[in-house]
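Since we're looking at a predicted model, the values are computed, not measured. Lettering follows sequence order; numbering is per chain, from 1.
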Amino acid sequence: MRLKIIIVLTILTGITGSPSITIRPEVELVDNKQRISEQQNLVTETDEVVEDVMATGELNPNHYPAQRAAKVVQHYINTLYGSPFKVFHLHRVHSGNAEDVADSGRKYQLEISVQEMISNTSGKCSAEVFFSRGDKQHSPQVQVMCEELLKINTTKEEDAFYQHLKKNTSLLSAEYLPDSHGHIEPDMKPLWHLASVASSFIMLNESTQDTLFNMAQVANVTQLATESDQLKFEYLILLHEMVSQEIIRWKLLVSWCPPEGVKVLQMEKLPHCHECEKPPNTN
Amino acid sequence: DIFCIYLFSNGISFSVDSVFFLSCETIRTNKSLPGLRGLRNVENIQYLSKTSKSRNSHKTGNRLVYQNLITNWMDQIVKENPDVVTKVDYGKTYENRTISLLKSERGGSSKKAIWMDCGIHAREWIAPAFCQYFINQLLQTYKTDPKMEQMMKNMDFYVTPVLNVDGYIYSWTDNSTRLWRKNRTPGPEGCECLGTDLNRNFYANWGTVGISFDCCSNIYPGKSAVSEPEAQAVTNFVGKRADEILCFLTIHSYGQLLLIPYGHPNVIAPNENELMEVGLAAAEAIKKVHGKQYTVGTSPDVLYANSGSSRDWARLQGIPFAFTFELRDDGTYGFKLPEDQIQPACEEAYSGALHIITHVHDKEFIKPTGTAATVAATLWTTMMAVFVTSTVIV
């Protein structure tokens with residue numbers, strides 16, 4: 001009888017739990033100082049070593065390798081299809097795959113969603129991005145196939161804008177698009193979109209597996225007189241590179257007309273401006 | 001009504017030559033007020049007041065506006081909530097400006113706390129706006145929301161609206177300074193550039209990955225770990241209270257990410273699984289608000305490797321939950337988030353932060369093996385001891 005009671009009580013105690021205190025995980029880190037010094041001593045590796053271990057095979061679509069490659073696809077699509085009324089932005093990466101190609105480089109296969117910002121429509125694309133390795137550093141090579149997305153019709157708006165500027169006797173110019181508060185005057189938006197497309201050429205050229213580019217700002221834009229059908233603009237554009245967190249300044253000569261699309265005629269990378277008090281003279 | 005202040009300090013441009021400040025009144029659709037050229041139609045805008053003596057300081061333009069705005073706002077919060085909030089000055093910047101936080105103190109000797117800092121990087125303007133929004137939400141909801149009331153009773157909140165005051169004010173100077181990131185300490189001798197990346201300056205694997213020792217670089221980690229007064233301020237204040245602090249949230253932009261420790265790819269936090277779980281749930285909460293996707297993961301997985309971050313340092317201090325929030329957007333406007341996105345960005349981030357804070361609070365104060373169960377267990381053990389003893393004796 002006594003034994004039964006003891007057994008029952010023991011079991012019941014077990015079920016209700018011991019009166020001991022719940023241990024917080026932090027208690028493991030008893031000696032913070034030691035742990036810190038562990039951390040400090042742990043790493044003497046350079047960035048190179050870290051980068052050597054690159055993801056191969058199926059990629060996590062949320063991790064940076066797939067994301068950076070997908071951004072390159074965005075830039076590429078904009079160079080081909082972008083206009084003052086059509087700008088594409090990477091929306092999501094659904095899946096990705098990477099493989100080394102002999103010694104020449106690395107190929108990514110991606111399934112992504114891309115959004116056209118002005119019409120706010122999105123669609124899926126399949127893409128391949130090839131980053132070359134070694135001495136001959138080329139810009140990434142891209143192939144892409146998208147659903148209906150790229151057939152968005154903006155002819156009316158483009159023609160209207162084009163005609164408006166062609167007829168205008170004065171030449172357009174603007175600075176700081178957007179302004180410090182993210183604002184862009186509505187009639188300046190097409191120039192901002194045009195800048196996004198033009199800078200896509202640069203961002204495409206400059207992209208590697210170690211970079212992620214976005215256009216940060218149009219510092220200034222000046223329309224130039226032309227005799228041809230093209231409209232011509234000189235831009236000073238600020239790009240943001242995410243990994244280095246640098247702001248990189250580019251001077252671009254851009255031409256556009258509806259039938260021919262956006263072309264970058266000249267591009268010049270400007271030196272790092274440590275304390276830019278004002279936009280430098282472009283002369 | 002503090003709603004306006006963060007809108008004002010982050011979203012409204014105004015003419016510099018007629019810098020006089022209006023008294024805090026509700027302004028509806030009146031666009032023709034002098035000195036408000038460029039004002040866009042935002043409802044319920046209110047402005048801090050100052051006398052016309054400030055006309056003489058128009059040359060420093062936006063800088064002075066801003067400097068006074070944030071300190072004035074903090075003072076006003078304290079004035080309006082004297083039994084709940086105090087302002088604590090806990091450091092000085094390189095240019096000798098005060099670094100302050102607002103502390104909410106409702107409980108008695110609770111001595112557990114949540115830390116939040118914003119504006120460690122100057123150009124990430126949405127972050128200080130969020131800190132202001134967060135404080136505002138706390139102060140509004142604790143009176144009516146029993147959960148918030150409970151949390152505020154059990155935990156103190158330390159919120160620093162702007163950590164890198166010098167850099168932030170510099171980024172307000174004019175359009176050409178808008179994209180400044182670092183603080184404003186002079187570079188090492190011989191360097192033509194200035195500024196240290198404060199989020200690479202903390203004593204956490206300092207100077208190893210994700211940095212550049214080029215003093216002109218935007219990820220220059222400083223001449224040594226914690227060389228910067230702003231980093232020292234946080235290190236001293238948080239360091240003394242590391243046992244108290246349950247959660248360390250540091251707010252940045254852009255990218256729509258929730259980053260967990262550590263910045264080095266080979267260093268794993270012991271509670272990484274839990275951090276991921278809580279982070280993913282927070283991202284779900286964020287998505288419910290306005291549909292924006294936030295990616296969760298360690299910095300090296302999701303973004304890039306880095307070292308010397310405040311988040312890593314906090315985790316190394318034993319603070320179990322440390323997150324970096326990268327707020328809107330995903331690159332379209334980047335650092336220059338348009339005004340009409342300030343409110344939604346803050347709302348969704350608040351939802352995410354609240355989820356984490358609630359989890360942290362409940363884990364500490366509402367344990368499954370909590371008081372009630374402990375008592376029951378003790379009772380059983382005692383009874384068993386009595387029985388055993390009695391049977392032995394008898």
Whether the B/Asp174 and B/Ser176 side chains hold a donor-acceptor pair (N or O, under 3.5 Å, no angle test) is what I'd like checked. yes
Mark yes when over 12 heavy atoms from residues, nucleotides or ligands other than B/Tyr304 sit less than 6.0 Å from its OH; otherwise mark no. yes
Side chain, backbone, both or neither: which part of B/Gln341 has a non-hydrogen atom closer than 4.5 Å to chain A? neither
Anything under 30° is parallel, anything over 60° is perpendicular, the rest tilted; go ahead and classify B/Phe335 against B/Tyr254. perpendicular
Give, as side chain, backbone, both or neither, the part of A/Gln245 having an atom under 4.5 angstrom from any heavy atom of chain B. both
Select, from B/Gly334, B/Cys216, B/Ser171, the one with the greatest count of heavy-atom pairs under 4.5 Å involving chain A. B/Cys216
Interface check, chain A: of B/Asp330, B/Val296, B/Asp301, most non-hydrogen pairs under 4.5 Å belong to B/Asp301
Could you check whether the SG atoms of B/Cys193 and B/Cys215 sit less than 2.5 Å apart, since that is the cutoff I want to apply? no
Can we call the ring centroids of B/Tyr333 and A/Trp192 under 6.0 Å apart? yes
Comparing B/Asn218, B/Thr295, B/Asn175 against chain A, the one with the most heavy-atom pairs below 4.5 Å turns out to be B/Asn175
Top residue by heavy-atom pair count (under 4.5 Å) with chain B, among A/His91, A/Met215, A/Arg92? A/Arg92
Looking only at side-chain N and O atoms, does A/Gln67 offer a donor or acceptor that is under 3.5 Å from a partner on A/Asn62? no
Among A/Val87, A/Ile247, A/Ile184, which residue has the highest count of heavy-atom pairs closer than 4.5 Å to chain B? A/Ile247
Under 4.5 Å from any heavy atom of chain B - which part of A/Met117: side chain
